[in-house]
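One structure is given below, encoded as structure tokens.
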Amino acid sequence: MDKNFLEQINKDKLSLVYQSCPNCFNPTLSLFYSVPAVPINSVLLLKSRDEALSFLKGDVNLAFCENCGFITNISFQKDLIEYSSRYEETQGFSGTFTKFHNRLANYLIDKYDLRGKKIVEIGCGKGEFIALLCEMGQNYGIGIDPTFLPDRKPEIKQGEVEYIADWYSKKYADLDASLYICKMTLEHIPQTNEFLSMVRETIGNRKDAKVFFQVPEVTRILEECAFWDIFYEHCSYFSADSIVNLFHLTGFDVKNVWTGYDDQYLMIEASPLLLGTSNSIGLRSSTIKNLVDNFSKTVNLTINQWVEKINLLRKNGKKIVVWGGSSKTVSFLTTLNIPYSLIEFVVDINPYKNGTYLAGSGQQVVLPEFLQEYQPDIVLLMNPIYQKEVSQNLADLGLNPRLILVNE
Ligand SMILES: [Zn+2]
């Protein structure tokens, strides 16, 4: 996309683009948010600041579909993304997150009577969730993910899991599972209709099979003007409407849609319809369109306010660290486009990240213990759901910095 075109977008935020919706194939989309040159990966473990700062960049140009409510990055190029053993996405080191996973596993086991059954997880990451389901219900699981690492395979006392380091595709059509799970994966896939149609095809005529998907929920992102929740790897953004529309278009009957994890995640439960059939689609209200309009009008002001706030704190001699070495932090810091001298360190409890550097913004990731030496005045918490856990962590270290929540 050339520079003149981008300038035109910035003047007239909701400009029409003639690019078809990958969710419903509507031929036009409305462009509403642009961030040029952001790192194309934000959870890779990078060994040096030079490598982090010179990391490959791409543009975010979010467009909205008025037909199905879907939001997509029209500048996304999937071939740029590296899903390898350097990909470190797990949240499994957090007690708050582990509790959420346990509750979700219990819910699915009870609801679908998952005891002694076969379960497939599409995009299982390091395999924690499929292992949990199999251990709790003595199930047999198959976890498929190109970033799976055999030496990080979770140990379980009962049940069994087989892992396949690969992309899920039609060649796995004979797995014959009772439940197909796909968590935090669909938002990484640009051609959402094509992907879900492929998943539907692999289920075939097994009408008893159930499907459970989990993705980030975009309504909250728009409402809170949470620009830090928008990053390159996430090319697809869903509300309840747009995910229901996608499932209806690709041969599923939607049974339940709900949000969890402080409304950060959207869950959908569905059953396959007869092959070749689909349900009707549409938007239930104008809420999502209004939120998109409002976001496009206020986001630049929000970004500028953060830049001013951080500059002022540093001018007053305050040492700031950010808590959470994840995509949210990379997006926050690269969108603000501030030098790493303003915020030098980012804290993360995942020991695999210790000593690595954040793509694009260049901060070094440190363990919480480092703060005893560094003595920060301010800890900026990127995910407010961890407030209690982080406050406890800081108290255990004998530290009492001011904790600022990013959505305050
Ligand atoms: Zn659409």
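Count residues from 1 along the sequence. First listed ligand is number 1; within each ligand, the first listed atom is number 1.
- Every pair passing ring-ring contact (aromatic ring centres under 6.0 Å, His included) that includes a residue from residues 192-222 is listed here, sequence neighbours excluded: Phe213-Phe247.
- Taking Asp110 as the reference, Arg115 meet the side-chain hydrogen bond (donor to acceptor under 3.5 Å, both in side chains) condition, with sequence neighbours excluded.
- With salt bridges taken as basic N to acidic carboxylate O contacts below 4.0 Å, none links Lys297 and Asp293.
- Between Arg206 and Asp176 a salt bridge is recorded (basic side-chain N to carboxylate O distance below 4.0 Å).
- Around the Zn ion (ligand 1), protein atoms of type N, O or S found under 2.8 Å number 4.
- Salt-bridge annotation for Lys170 and Glu201: present, with a side-chain N of the basic residue lying under 4.0 Å from a carboxylate O of the acidic one.
- Residues forming a side-chain hydrogen bond (donor to acceptor under 3.5 Å, both in side chains) with Arg220 (at least two apart in sequence, or on another chain): Glu224, Asp229.
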